[in-house]
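Have a look at the structure below, then the notes.
Nothing fancy with the numbering, it's 1 onward along the sequence.
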Amino acid sequence: MTRAHSGPAATLAAWTGLTTWLVLSSWNRLVEVPEGLPGKLLLAFVLVAAVGVGLRRLGLEWPFAFCGQLLTATVVLQAELGSRWVPTPSSLRTAVQSVIDALGSAHAHPAPVASDVTSIVPLLVVAGVALHLVVDLVAVSLRRPLAASLALLAAWVVPVSVLGTASAWPHFALAALAWLGLLAAEQRAERSRWGRPVDAPWFDAVRPGSAGVAIALVAVLAAVVLPAMLPQGTALTLPGAGPARDGTVSLRDPVADLQRDLTRGQDVDLLRINVPKSAPPPAYVRLSVLNQFDGASWRVGSRLWPASNGTVSGAFPAAPALALPGQRVPWEVAVTQAFASDWLPTPHWTSSLVAGPGWRYDSESLDVHRTDSQGSAAGETYDAVEYLPHLTAETLLATDTSDPDLGAAYTALPDSRPAWVHDVATRVTRGATTDYARAVALQQFFQRSFTYSTATAPGSGFRALGDFLNRSRSGYCEQFAAAMALLARELGMPARVSVGFLRPERRGPGSYEFSAHDLHAWPEIWFRGVGWVGFEPTPTSHTGSVPSWSNPPPQTTPSVSASPTTIPSTTPKPRQLPPEQDGAATGQASIDWRVPAVLGGLVLVALAVCLPRLVRRGQRARRLGSADVEDWWSELRADVVDVGITWPTGASPRATARALATRLERSDASDAPAALAALDRLVGSVELARYAPEGSGTATPDDVVTCAAALQATTSPRGVRRARWWPRSVVGQGRLRRAESA
């Protein structure tokens with residue numbers, strides 16, 4: 001294929017970019033506001049494809065063309081996600097931080113991600129450009145469009161799997177037709193390799209007589225038409241992927257959904273509870289329990305369901321607190337249609353529960369979940385009995401948290417946790433001599449030193465909690481609960497996080513209503529003989545008050561709580577831990593990512609500079625070590641081309657040797673006679689190998705070395721240096737092959 005015939009390859013690159021762009025446009029459904037996602041992807045695809053076409057037309061092999069495209073993609077991404085087109089440390093830092101924030105938001109929020117939280121568009125842009133690089137490499141450079149189609153199919157399935165609904169059929173039809181165009185362009189480019197392409201329209205490859213394309217067209221039409229004719233079932237909904245902005249509140253993944261529902265602009269009524277007029281209002285209504293911490297987040301652990309049919313129809317497993325003196329309060333519960341929850345709201349201490357079929361309780365955590373993935377709590381009505389134990393600080397002072405029957409699961413923490421966890425936990429509780437005093441000290445630490453805000457970036461892993469504890473000291477209930485439970489476990493106290501409702505709004509005598517803004521998370525600590533006891537680290541500016549039992553008698557208050565050296569004043573003052581201890585907070589410091597980025601860039605530059613030379617040295621060693629004279633002749637050709645000497649194309653070995661001999665004779669070099677003799681032996685051996693297979697010549701690999709050295713001496717020192725570091729036989733193989741076939 002001559003350079004004039006590189007048009008089909010450019011057409012193939014264009015169809016590849018168009019198909020990838022149409023497929024990735026379906027990712028718009030993963031966010032409520034795309035924020036220019038299609039435009040950013042289109043600009044990146046055009047520039048990357050143009051660079052690839054240009055480098056391939058210059059004769060560069062695919063590894064070098066791909067490196068150029070990768071560099072172009074990096075520059076474009078930092079420009080689109082950073083602050084300017086010319087890369088600067090500030091722009092690169094902004095771009096990298098936007099991707100890090102997008103990763104955190106994607107982990108914390110279900111799709112479609114709301115417009116009032118951290119955008120995940122930077123993550124989608126980076127993933128889309130990376131996909132295009134792979135598809136362009138496989139489809140255009142390696143000429144394997146069908147293999148590249150697997151990556152396109154995986155990209156198309158992403159929003160379908162996450163959202164549970166397919167994209168609109170016109171969108172699918174356009175993407176499928178573009179894919180057919182990609183196949184046709186590849187066929188046209190393939191035919192052009194055998195000579196000058198005929199003057200025919202591009203769609204000649206998709207003429208009706210082509211059986212393969214006809215089958216593809218029928219398949220596309222069937223994929224578009226048949227789904228509309230088939231009965232529609234319930235779409236698959238992954239955890240945390242439920243709708244959240246259409247007047248419905250979803251709580252399928254407590255960690256992912258809690259912050260989103262707290263920050264929704266429109267409040268939605270979710271739960272109504274009627275109690276006797278003389279009873280206290282319900283509070284701390286539990287939905288789910290998070291009892292496992294893996295270092296990244298608190299999660300719902302494994303559950304121990306009862307062996308019965310799962311129907312909650314009466315007596316509930318008795319928590320230890322039910323053995324204390326107290327009172328029973330009957331509840332009449334009605335869940336609104338707007339609350340799509342997989343968990344059933346229940347009292348903190350439940351005496352009995354009568355719910356409809358399909359609900360069952362966990363015999364250890366005592367939360368109630370559906371028996372299958374279908375349906376939700378929306379529209380449920382049921383009866384429950386709350387038990388209110390007469391729990392006081394003195395009761396908790398008389399016991400501790402150690403309990404051999406509880407097991408070690410509720411004190412487990414990752415071994416790789418940073419040092420600041422232990423430092424903060426021991427500093428805050430210094431002077432506390434009982435588990436109760438330590439729990440109170442932790443609660444007071446958060447109450448006195450932190451502020452409440454839902455504008456804080458979500459997250460409950462070590463990095464997010466480290467920044468929360470050591471820097472910002474501002475967050476919402478999930479972070480307060482997660483941080484206190486983490487510090488309690490560090491002190492050996494069994495702890496977990498509960499998610500549910502805080503306090504309701506009174507609608508009438510004995511009638512209360514909870515809304516989306518009442519969703520809450522709080523930590524619970526185990527006390528022997530009492531069970532799980534809730535504490536309130538979230539500031540009272542949001543909660544109103546703390547549980548009565550967490551207000552200790554004066555003599556039980558840890559002495560350190562009044563010391564400003566261990567418990568800061570009510571004015572939040574972020575404390576900087578030493579770099580070796582601040583394992584999470586320092587993870588976002590610019591120096592941490594900039595140093596490896598610079599080192600990585602230097603390694604890539606060094607590799608790019610040395611790669612052609614390393615490839616050429618490997619070729620030379622392999623050819624000279626061969627016993628085949630054709631390999632020796634190929635090595636002489638490579639040596640000649642590398643130093644910029646023209647190698648006659650289409651000429652016989654003897655004619656090629658005459659052209660090289662003329663150059664040696666004109667040089668008047670002292671080693672010219674030896675080189676001429678070596679060249680004559682080498683040509684004779686090649687002719688014998690080609691035209692008299694039984695014959696053998698007298699050439700050796702040393703003759704190649706002698707000829708190459710003499711020819712190299714006829715060029716300039718600059719040409720020699722270029723041959724060493726940028727050998728034309730490696731970086732321009734495609735151009736040389738086209739010249740030879742012309």
Which pair of non-hydrogen atoms, one from [X] and one from [Y], has the smallest distance, and what is that distance?
X    : Y    : result
W420 : G466 : CZ2-CA, 3.4 Å
W331 : P282 : CZ2-CB, 3.5 Å
N274 : S511 : OD1-OG, 3.2 Å
D423 : T426 : O-OG1, 3.2 Å
V285 : F514 : CG2-CZ, 3.7 Å
T411 : M493 : CG2-C, 3.8 Å

Distance-only, no hydrogens or angles: does the [X] side chain make a donor-acceptor pair with backbone N or O of [Y] under 3.5 Å?
X    : Y    : value
E380 : V335 : no
R489 : A495 : yes
Q444 : A441 : no
Y387 : G326 : yes
W549 : G534 : yes
T336 : L271 : no
S550 : P547 : yes
T429 : A425 : yes
R438 : A432 : yes
R496 : L290 : no

Can you tell me how far the [atom1] atom of [X] sits from the [atom2] atom of [Y], to the nearest 0.5 Å?
X    : Y    : atom1 : atom2 : answer
L465 : F293 : CG    : CZ    : 5.5 Å
D400 : Y436 : CG    : OH    : 14.5 Å
L487 : L469 : CG    : CG    : 6.0 Å
T538 : E478 : OG1   : CD    : 10.5 Å
H542 : T451 : NE2   : OG1   : 13.0 Å
L344 : S288 : CG    : OG    : 12.0 Å

4.5 Å side-chain heavy-atom contact, [X] and [Y]:
X    : Y    : value
M484 : F535 : yes
F527 : P320 : no
P389 : L322 : no
V300 : N291 : no
Y382 : V354 : no
T350 : V368 : no
D367 : T346 : no
F446 : Q443 : no

[X] side chain to [Y] side chain, donor-acceptor N/O pair below 3.5 angstrom:
X    : Y    : result
Y410 : E364 : yes
D101 : S98  : no
E524 : W526 : no
S351 : R328 : yes
T395 : T392 : yes
E536 : T543 : no
R286 : S365 : no

Intermediate values then yes/no, side-chain contact (heavy atoms from CB on, under 4.5 Å), V289 and V497:
CA-CA 6 Å; V289 170; V497 175; over 6 Å; no
Any idea how [X] and [Y] line up, ring-wise: parallel (<30°), tilted (30 to 60°), or perpendicular (>60°)?
X    : Y    : value
H520 : W522 : parallel
F450 : F445 : perpendicular
F501 : F339 : perpendicular

Do NZ/NE/NH1/NH2 and the carboxylate oxygens of D294 and R299 come within less than 4.0 Å?
yes
Pair R417-E490, salt bridge (charged side-chain N to carboxylate O under 4.0 Å, His left out): steps then yes or no:
CA-CA 10 Å; R417 60 189 181 275; E490 180 65 28; 2.6 Å; yes
What about W349 and Y284, are their ring centers closer than 6.0 Å?
no
Step-by-step side-chain contact (heavy atoms from CB on, under 4.5 Å) determination, S119 to V31
CA-CA 8 Å; S119 175; V31 292; 5.6 Å; no
In sequence, state the C-alpha distance, the side-chain angles, and the governing distance for H369 and D362, and then conclude on side-chain contact (heavy atoms from CB on, under 4.5 Å).
CA-CA 8 Å; H369 192 272; D362 173 54; over 6 Å; no
May I have the step-by-step check of side-chain contact (heavy atoms from CB on, under 4.5 Å) for V158 and L30, ending in yes or no?
CA-CA 9 Å; V158 167; L30 296 174; 4.2 Å; yes
